[in-house]
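Lettering follows sequence order; numbering is per chain, from 1.
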Protein chains: 2
Amino acid sequence: MAPAPENPGPLPKYVQLAELLIRDIDTGRLMDGERLPPERQMATDLHTSVGTLRKALRVMEHKGLLRRVQGSGNYIQRKGGPGGTYAMFRLELLSGGGLPSAKVIDLAPLEKPDDLPVFGTASRATRIRRERFLNDTAIAVEEIWLDAGMGELSRAMLSDSLYQTYLQRLGFWVTRAEDRVSIGTLPDWTPVHFGTPGTPCGYIERYSWADRPQAIEFSRTWFDPTRASYVQRLR
Amino acid sequence: MAPAPENPGPLPKYVQLAELLIRDIDTGRLMDGERLPPERQMATDLHTSVGTLRKALRVMEHKGLLRRVQGSGNYIQRKGGPGGTYAMFRLELLSGGGLPSAKVIDLAPLEKPDDLPVFGTASRATRIRRERFLNDTAIAVEEIWLDAGMGELSRAMLSDSLYQTYLQRLGFWVTRAEDRVSIGTLPDWTPVHFGTPGTPCGYIERYSWADRPQAIEFSRTWFDPTRASYVQRLR
DNA sequence: TGGTAGATCAATCGTGTATCAATTTTACGG
DNA sequence: CCGTAAAATTGATACACGATTGATCTACCA
């Protein structure tokens, strides 16, 4: 029969928005009790309408993650301890958790090299090399390739959360991603203070999709297994 | 296409379609809450008609695996427990997918060794050592420690899916799990045909919880990164 | 009976706009 | 310094519109 399993369709936008915000809560980017920006401003920042945004907020309120006060604002309400009801994936310190940040090593628009898997539609891509931290301890280096068709990126535009940058500066957001975790060795451009190129380490490949059939981003992450591990929580 | 006349016994096409999709759920290709493509597109992708496809969807809805929302879409609905039977098995062949199976190497009730992290309440645990396969190619070895307080296991009781065994033979269901992926080396009891002890490999630690605050199971998995990788899909 | 094809209906989504209600902030008078 | 009222801010609610999508029905074929 048809060996054609289909690619998943995009979820309703308000669901994606809710999950985007919930991710920010889980990663610590949104703290307990913090007040969100006004709905109107937030809607324009996220390139959506107030109605859609409010549906997302309604979802979060229903999950007990948000307290909505008329005339005052929307307040984060952190529920229960770690590993709430949301399945998370990320790099964590061996001791658990950690507030993520990143330092850009290099950013350049380049021709896609031949050793990259096929993704996107353009022949060029923006290459970003970063060093990643959890609580100010370096845990990984990564190389991100963003298809040129998605827009131009400059160093000044980057924030700690790349996906947030994509949304605010380029007007699209990542709706789907796939990680493949394996083992590898540190690349030759690894900063000397991080480690020696060739050292065995954890290795993550990630494809990211937006609202089109072809992946728009491909990234490789090399993480130090003595300091961090890839964590997946399942409910 | 090519509806070749077959023997009196071929399953109706819509049943085959339903089973195809259910298998995608079980293997984790379709995740909880995910939205399927529009029926029209899905029908053409699967080389069938909308009517036939809808019969298949109707079957899945009747089984509680699908939530159909008019005007919105078809959403995967996880049935009791953590998704499908293999939803928690996240290793895939490098070429993608693969049907999982396992061969028991050893099963023994033992005192918990000191190098194990604390879990459960008993001082003893059942140790299971298995070799794991995807499509009959060996991809990993694993060691599972089930707290003695959960019941007695015998070799004859084991099926390919341990969690299903727990449910059917011991009467509890794993509701939550946490994976930590890193790198390691093959243990000294690795079967010779699988690899040489000490060889670098991928390494997964997993804690599993049932209906009590303390973890009831701890497992370690060593996988061959040249044949499989740990996969995580995100929406 | 099972599968295909097409037309039509109904519900939802995303967006935009307007209006109301509750709260906070500010300004003013004492 | 205090109290009150007005102004500004912000969330809540409602409706309209077009596009998308599932639901239903009929006709036809093997």
### Message
Just checking A:R124: does its CZ atom have more than 12 heavy atoms from other residues, nucleotides or ligands closer to it than 6.0 angstrom?
### Response
yes

A:L17 CG to C:dT15 C1', in whole Å, measures 13 Å

When rounded to whole Å, the CE to C1' distance for the pair B:M42 and C:dT4 reads 17 Å

Residue pair A:L170 / A:L146, side-chain heavy-atom distance below 4.5 Å: yes

task = Determine, for A:E19 against A:K63, whether the closest basic-nitrogen to carboxylate-oxygen distance falls under 4.0 angstrom.
result = no

B:L46 atom CG is separated from C:dT4 atom C1', nearest whole Å, by 15 Å

Check this for me: A:E152, atom CD, are more than 12 non-hydrogen atoms of other residues, nucleotides or ligands nearer than 6.0 Å?
no

With A:E142 as partner, the option from A:R129, A:R130, A:K103 fulfilling salt bridge (Lys or Arg N to Asp or Glu O under 4.0 Å) is A:R130

Test: A:E92 and A:R90 ion pair at under 4.0 Å
yes

Comparing B:S49 with A:K13, nearest DNA chain C nucleotide closer to 5' gives the residue B:S49

Letter by letter from the 5' end, nucleotides 25-30 of chain D scores (B base, S sugar-phosphate only, - none; protein heavy atoms under 4.0 Å) ------

Rounded to whole Å, CZ of B:R67 lies from P of C:dT12 at a distance of 12 Å

So is A:R227 actually on top of A:F194's ring, under 6.0 Å and inside 45° of the axis?
yes

Walking DNA chain C from its 5' end, the first of A:H47 and A:Y75 to be reached, judged by nearest nucleotide, is A:H47

B:Q41 CD to D:dT21 P, in whole Å, measures 8 Å

Practice item. Return yes if a side-chain donor-acceptor contact under 3.5 Å exists between B:E217 and B:Y166, otherwise no. Key: yes

Exercise. Among side-chain atoms of B:E205 and B:Y203, is any donor-acceptor pair under 3.5 angstrom?
Worked result: yes

Between NZ of B:K55 and P of D:dT24 the distance, given in whole Å, is 14 Å

Residue-phosphate contact under 4.0 Å: A:Y14 side-chain N/O, C:dG14 OP1/OP2: no

### Query
Quick one: is C:dT15 close enough that its OP1 or OP2 comes under 4.0 Å of any side-chain N or O from A:T52?
yes

Contact string for nucleotides 10-17 of chain D, one letter per nucleotide 5' to 3', B = base within protein heavy-atom range under 4.0 Å, S = sugar-phosphate only, - = neither, reads BBBB----

